[in-house]
Amino acid sequence: MGEASPNSVSKYERTPFGKEMLKHFLFDPKFKNLNHGSFGSIPKAIKEKRAQYQEASEARPDPFIRYELPDIIDENRAAVAKVLNVPAETVVIISNATTGINTVLRNITWDEDGKDEILYFNTIYGACGKTVEYICESARGPVQAREIKLEYPLSDDELVSKFKEAIKTSRAARRFPRIAIFDVISSMPGLRMPFEELTKLCKEEGILSCIDGAHGVGHIPLDLSAIDPDFFTSNCHKWLFVPRGCAVFYVPVRNQHLIRSSLPTSHGFVPKATIGGLSNPFEATGKSEFVNQFEFCGTIDNTNYFCIAEAIKWREEVCGGEKAIMDYTHNLAFEGGKMVADMLGTKLLDNEEHTMTNCSLVNILLPLSSSSSPAPGVYSIKEGYGTAVVHWIQRILVDKFQTFIAIFQFQGQWYARLSGQVYLDMDDFKWAGEKLRDVCERIGKGEYIKEDKKVDSVEMVVVGDLRKEGTTASA
Amino acid sequence: MTQKVRFGHKMREAHFGFSPSYTPLNHGSYGTSPLPVIGEQRRYQQQELERPTKFIIYDLPPLIDQARTAVAPLLGVRTDEVVFIPNATTGINIILRNLKFEQQDVIVHFSTIYAACEKTIASVAEIQPLEARCIELEYPISDEEIVRRLRETIEAVRKEGKNAKIAMFDTVLTFPGARMPWEELVRACREMGVLSLIDGAHGVGMIDLTHVGDVGPDFFVTNCHKWLFTPRGSAIFHVPLRNQHLIRTSIPTGHGYSYPSSTSPSSHSQTPFTYLFEFVATQDWSPYISVPSALKFREEQCGGEDSIRSYCFDLARTGGEAVAKILETDVMATTSPTAFTNVRLPISSSLFGDVPRREWESSKAGTIKSWLNRTALEEHDTYLQIGYHAGSLWVRLSGQIYLELSDFEWVGGVLKELCGRVEERSEE
């Protein structure tokens, strides 16, 4: 083993995956956390690390925020840049992936000829879809959006083909596909996209690639240098064990001039025009304009940004590193998901090559149908209750079984999405299968019909609201 | 219930988390929260950690609504006219990026505008046809004169055949720390048919704003984390019902956005405006839901807003006078009291040469300021908010319930010594 230098002495105790890992986390012992994918979670050690920074920020507010914060942010930028295999100068930290997508789309200067198009898939995250709509609504030169409809399951090749078709159709209509937005892993359903091929295609076709990697860093291996997208954003609070409200925003140096302003605009903005230099209360740094813009974007508590390096270290020491985590969680999601599907007599949303399920999210078909005379073992959902039943299931799982499972409608059917994680094992998935079976049986008895059809607004978030209104061209 | 504690050092010891050797005379920049409020915040954060999705989806929305209901009376407005956002800068960006500007549109603002807001205008002007018209202000100046200059500028814009679309101004300036006659400015705007956008970053918890509803500005933002003792990352965005249709999107655009062609009835019970801001994107929402506990602390431990206000204003006034006496300079004359005091520094202006208004930090005056900032920290563990205005360097000090007159007298001595060294250094 040899001598361990002071820097390499482990701070954290190596722990096997599964139940033993729970002691490091803060979940209520009665609550089963099967939906890591929506909001992530953090180990105690990271909570404590953050608390230290929070105390420091109250012990000496100004000096901490003005003088210590920039260096700490830089350390953490470097740490996450390393995980993504890109130079630190290309990476800044923002609050969440939604902000990243908004920052890109609001900074693009659309051509005045009005022929620009934004390409995106129907599986786009709800808020990003709405951002695209808003851009189309508000842009000065008309810009349109082209939705590419995917009907799952499909192979990666089929998906890429659809994308190629959309480009062709757009050009045939004498339009200019300017930028394409696509996921690393979509939200609901949670499916891995062939994002590497899509990026390559964009490059060949002269289209800007904007990758929404909300489910990204800490979830699957990402070599951004090799993939080389034009823009990339990924939440650290989803799969990297960093406290909520933290994401990376990657822009290669060649594109940084395109990002004129952070969102919101703040002190680091450098105006182009004759307005001249404007006051900046923060001391000049030697950093690029791009990095400077995002260093201070309005007062918030960003002590969570300071936890990235520590989270990476924790994952290294406690879990054995990124690859070990990903191998475990991917396998658990896939095998666990299959087991749940067997218990329900259904199947996973997957393609033949299993590329869609090559991640830590899994989508299990529920034995529910809108038909009034479904197959045996499948329960009928009364007309008009399609969305209400989703909320009913989520609610009863919380109230009766102390767990939250994301349920959603997709392509006329109902699915449950589970997340593999280091603190779970096959017993947890078996348990999930039992509860889902129980809940479906209750549906068979009509228990959900007592519920009011009106849904809570925030619950819509988890449903993902894939259904879209508004006029767009579709491929 | 805890025994009430007197304002001053006893309050600091009992309820605040400052480092023992640190003298916090700059509450205005980043605020702070008393320990009981932080404790409440941690409780919520703990609940969120224990059952993440459950807390966020089911428990959080009613908590946010409660916080909105608690805070609306501080502005004298309806609950459905206020939402939470992370900070005033975001609020200004939301407004300026939602409005559609046409050729010849002009935004009128004062030279004392917060720098990031001026940059936001510049950024918007890169993508929309918007011209900025800046009104120079230099203290001392009367409220009447400020309002007169606004009217005059709007008229001048119109004479040029342009459209004075919107005017933007503060409740209390960042630097110098001075209260603006925002009520009269709103009235002038209304009379002249100009939209009024108020940057009340320094607002709620400092000056009385319970008449905002009556005065009726078109858009209003105010930080809670500055003077209301809530944790950082909490601000109120107020848009009266009549203008809510102008705000098409939050920033970033989130789930609450509705398509313009949408005709189906909403399946939720919120108004479009409040729904727009209910779930924007994943963040730490605990600062928002800490508002009720902050208000409770201010009521029960401090005797309420009036009590806090009179202590802070009074201390700023007497403290400023004490510092000016020690430095043998003067306090900047401003028309209305606030929790700020601005004291001129005894540094000869011949030392800073030419100081452009907009780039002063990179001039010699800026170098002196930086030296003062660093040295005051290294040698005296205090941060001094120093700025340039009307030919002099000034220090802006903040009155607060955890301070006493002796803190101001102490800083007077520190400033005297440091400024003396500035003079000496320049002779080297």
Side-chain angles (χ1 to χ4, degrees), chain A residues 26-28 31 33 35 38-39 41 55 58-63 65 95-96 98-99 102 109 126-127 130-131 133-134 137 237 244-245 260-261 263-267 269 271-272 275-281 283 298-301 304 398 404 454-455 457-462 465 469-471, chain B residues 17-19 22 24 26 29-30 32 49-54 56-58 61 86-87 89-90 93 115-116 118-120 122-123 126-128 225 231-233 248-249 251-255 257 259-262 267-270 275 278-279 281-284 287 358-362 370 377 383:
Chain A
L26 293 145
F27 304 116
D28 184 318
F31 184 79
N33 202 56
N35 185 37
S38 280
F39 301 111
S41 200
E55 275 166 34
E58 298 315 313
R60 290 183 174 80
D62 280 282
I65 292 171
S95 298
N96 44 62
T98 305
T99 300
N102 272 261
T109 313
K130 294 196 171 177
T131 303
E133 282 291 332
Y134 176 71
E137 176 197 318
H237 60 243
R244 261 157 236 134
R260 286 290 304 135
S261 173
L263 207 61
T265 305
S266 188
H267 295 285
F269 176 75
K272 265 197 273 210
I275 219 172
L278 293 167
S279 172
N280 186 340
E283 290 184 356
T299 297
I300 50 169
D301 175 356
N304 54 340
V398 167
F404 188 94
K454 229 166 169 59
V455 301
S457 44
V458 181
E459 289 186 67
M460 299 286 293
V461 163
V462 184
D465 207 5
E469 305 159 275
T471 49
Chain B
F18 297 113
S19 174
Y22 187 73
N26 186 34
S29 281
Y30 300 111
T32 194
L49 285 166
E50 285 176 0
R51 291 181 176 78
T53 313
K54 187 247 179 193
I56 292 170
I57 301 288
Y58 297 124
N87 45 60
T89 305
T90 300
N93 272 262
E118 194 168 19
K119 290 183 179 185
T120 301
S123 175
E126 281 184 8
I127 49 182
Q128 291 212 60
H225 56 240
R232 264 161 234 125
R248 287 289 302 138
T249 181
I251 283 184
T253 304
H255 292 279
Y257 169 81
Y259 308 106
S261 56
S262 171
S267 53
H268 57 82
S269 49
Q270 298 267 28
Y275 185 61
E278 185 176 40
F279 191 88
T282 298
Q283 59 179 89
D284 179 3
R358 283 183 165 122
E359 278 173 328
W360 78 271
E361 281 100 349
S362 37
S370 291
L377 268 175
Y383 183 85

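Labels below follow one simple rule: chain letters A, B, ... track the order of the sequence lines, proteins then strands, and each chain is numbered from 1. Fair warning: this is a prediction, and the values are worked out from it, not measured in the lab.
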Asker: Mind ranking B:G233, B:P252, B:P24, B:G17 by heavy-atom pairs under 4.5 Å with chain A and telling me who comes out on top?
Answerer: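 Top count of heavy-atom pairs under 4.5 Å with chain A: B:P252.
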Asker: Could you check which of B:D284, B:N87, B:T120, B:T253 has the highest count of heavy-atom pairs closer than 4.5 Å to chain A?
Answerer: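 The answer is B:T253.
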Asker: Identify which part of A:I65 has an atom lying under 4.5 Å from any heavy atom of chain B, answering side chain, backbone, both or neither.
Answerer: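 A:I65 touches chain B through side-chain heavy atoms alone.
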Asker: Given a strict heavy-atom distance threshold of 4.5 Å, which part of B:P231 is in contact with chain A: side chain, backbone, both, or neither?
Answerer: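 Neither part.
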Asker: Do NZ/NE/NH1/NH2 and the carboxylate oxygens of A:K130 and A:E137 come within less than 4.0 Å?
Answerer: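 No.
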Asker: For chain B, which of A:N96, A:I300, A:D62 has the most heavy-atom pairs under 4.5 Å?
Answerer: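 The candidate making the most pairs under 4.5 Å is A:D62.
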Asker: I'd like to know which of A:P264, A:G245, A:S261, A:S41 tops the heavy-atom pair count under 4.5 Å against chain B.
Answerer: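 Among the listed options, the one with the most contacts to chain B is A:P264.
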Asker: If you measure from CZ on B:F18 to CZ on A:R60, what distance do you get to the nearest 0.5 Å?
Answerer: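 Spacing of CZ (B:F18) from CZ (A:R60) equals 11.5 Å.
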Asker: Which answer fits A:Y134, side chain, backbone, both or neither, if we ask what part of it has an atom under 4.5 Å from a heavy atom of chain B?
Answerer: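 Both the backbone and the side chain of A:Y134 come within 4.5 Å of chain B.
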Asker: May I ask you to decide if the ring planes of B:H255 and B:F279 are parallel, tilted or perpendicular, using 30° and 60° as cut-offs?
Answerer: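 Tilted.
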Asker: Should B:Y383 and B:S29 count as side-chain neighbours, where that means a heavy-atom distance under 4.5 Å?
Answerer: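 Sidechains of B:S29 and B:Y383: no contact.
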Asker: Please rank B:A281, B:P52, B:P287 by heavy-atom pairs under 4.5 Å with chain A and give me the top one.
Answerer: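 Winner by heavy-atom pair count: B:P52.
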Asker: Regarding B:N93 and B:T90, do their side chains bring together a donor and an acceptor under 3.5 Å, going by distance alone?
Answerer: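 The criterion, which ignores hydrogens and geometry beyond distance, is not satisfied for B:T90 and B:N93.
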Asker: Name the region of B:Y30, side chain, backbone, both or neither, that has any atom closer than 4.5 Å to a heavy atom of chain A.
Answerer: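 For B:Y30, the contact with chain A is made by the side chain alone.
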Asker: Does a side-chain heavy-atom distance below 4.5 Å link A:F269 with B:E126?
Answerer: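 Yes - at least one pair of side-chain heavy atoms lies under 4.5 Å apart.
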Asker: Please classify the contact between B:L377 and chain A as side chain, backbone, both or neither, with a heavy-atom cut-off of under 4.5 Å.
Answerer: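 Contact with chain A involves the side chain of B:L377 alone.
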Asker: So A:V398 and B:R51, do their side chains get closer than 4.5 Å, heavy atoms only?
Answerer: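 In short, these two side chains do not touch, never coming nearer than 4.5 Å.
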Asker: Let's test your reading of the structure: which of B:K54, B:R248, B:R232 forms the most heavy-atom pairs below 4.5 Å with chain A?
Answerer: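 Most heavy-atom pairs within the cutoff with chain A belong to B:R232.
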Asker: Looking at side-chain heavy atoms only, is the closest gap between A:N102 and B:I251 below 4.5 Å?
Answerer: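 Answer no - side chains too far apart.
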